[in-house]
Amino acid sequence: RRFSDLEDFEHGNFNSLNWLSGGNNPWTIENTSSSLTGKFSSRSGVIKDLQSSDLMITLEVVADDSIRFILKTSTENKADFLKFYIDGQERGSWSGETSWSRVSFAINPGIHTFKWSYQKDYNASSGSDAVWIDNIQFPPISPSLPLATLASVSSANIRSEAHTSE
């Protein structure tokens with residue numbers, strides 16, 4: 001594996017890859033300092049009821065493989081969720097008080113948009129009212145996908161997902 005296939009947020013910012021953050025408040029980098037996460041992890045933005053905080057990236061996957069990452073939630077159980085999407089299709093959903101856990105999702109070659117979204121329901125909060133992701137192991141990706149293509153694909157996904165959520 002190439003180092004660039006791993007996003008561990010240890011640079012303390014989102015500059016290592018072409019990340020887009022959306023929703024009502026962007027994701028941040030937080031000092032979590034644990035043996036599992038290293039010094040930094042990505043944390044959902046602070047949001048209110050009926051809001052979301054999204055982190056997205058579009059990449060060209062060049063081989064059959066999986067995307068793997070660790071996650072932690074501190075949310076209202078069965079009400080406020082971390083949801084993971086591939087190309088707009090929900091692939092995983094977590095809520096409540098969870099410790100760091102590893103997950104993996106199969107992915108085929110092609111241009112894909114990966115989105116992590118923290119979504120709150122209409123009332124109440126619990127725990128830290130946040131979710132975290134870290135150590136994202138991407139499948140083999142092409143380093144040559146033009147930035148203009150990434151921007152147009154990601155913009156289209158943002159528009160279509162915004163339209164369908166109304």
[X] side chain to [Y] main-chain N or O, any donor-acceptor pair under 3.5 Å?
{"X": "T75", "Y": "G96", "answer": "yes"}
{"X": "E7", "Y": "F9", "answer": "yes"}
{"X": "N135", "Y": "L36", "answer": "yes"}
{"X": "N108", "Y": "D64", "answer": "no"}
{"X": "D8", "Y": "T37", "answer": "no"}

Quick check: do [X] and [Y] have side-chain heavy atoms less than 4.5 Å from each other?
{"X": "F40", "Y": "N31", "answer": "yes"}
{"X": "I57", "Y": "F14", "answer": "no"}
{"X": "S95", "Y": "N77", "answer": "yes"}
{"X": "E10", "Y": "K39", "answer": "yes"}
{"X": "V131", "Y": "W94", "answer": "no"}
{"X": "T58", "Y": "I111", "answer": "yes"}

Please round to the nearest 0.5 Å and tell me the distance separating atom [atom1] of [X] and atom [atom2] of [Y].
{"X": "S52", "Y": "K115", "atom1": "OG", "atom2": "NZ", "value": "6.5 Å"}
{"X": "W132", "Y": "L71", "atom1": "CH2", "atom2": "CG", "value": "11.0 Å"}
{"X": "Q51", "Y": "N25", "atom1": "CD", "atom2": "CG", "value": "8.0 Å"}
{"X": "I107", "Y": "L59", "atom1": "CD1", "atom2": "CG", "value": "10.0 Å"}
{"X": "K48", "Y": "K120", "atom1": "NZ", "atom2": "NZ", "value": "11.5 Å"}
{"X": "D54", "Y": "W116", "atom1": "CG", "atom2": "CH2", "value": "11.5 Å"}

[X] versus [Y], closest heavy-atom pair with distance:
{"X": "F81", "Y": "S93", "result": "CD2-OG, 3.1 Å"}
{"X": "D49", "Y": "N123", "result": "OD2-CA, 3.3 Å"}
{"X": "P140", "Y": "D65", "result": "CD-OD2, 3.2 Å"}
{"X": "S128", "Y": "R43", "result": "O-NH2, 3.5 Å"}
{"X": "L82", "Y": "Y118", "result": "N-CD1, 4.2 Å"}
{"X": "G45", "Y": "S53", "result": "N-OG, 2.9 Å"}

For this session: Decide if the gap between the ring center of F84 and the ring center of F69 is smaller than 6.0 angstrom.
Result: yes
Exercise. Hey, quick one: are L55 and L17 part of the same hydrophobic cluster, counting side-chain heavy atoms closer than 4.5 Å, chains of contacts allowed?
Worked result: yes
Exercise. Is K72 salt-bridged to D134, cutoff N-O under 4.0 Å?
Worked result: no
For this session: Compute whether any side-chain donor of one residue and acceptor of the other, for T73 and T98, lie under 3.5 angstrom apart.
Result: yes
Exercise. Would you say the side-chain atoms of Q119 and S117 include a donor-acceptor pair closer than 3.5 Å?
Worked result: yes
Exercise. Can you check side chain to side chain contact (heavy atoms under 4.5 Å, CB included) on W100 and S41, steps first, answer last?
Worked result: CA-CA 11 Å; W100 287 105; S41 299; 3.7 Å; yes
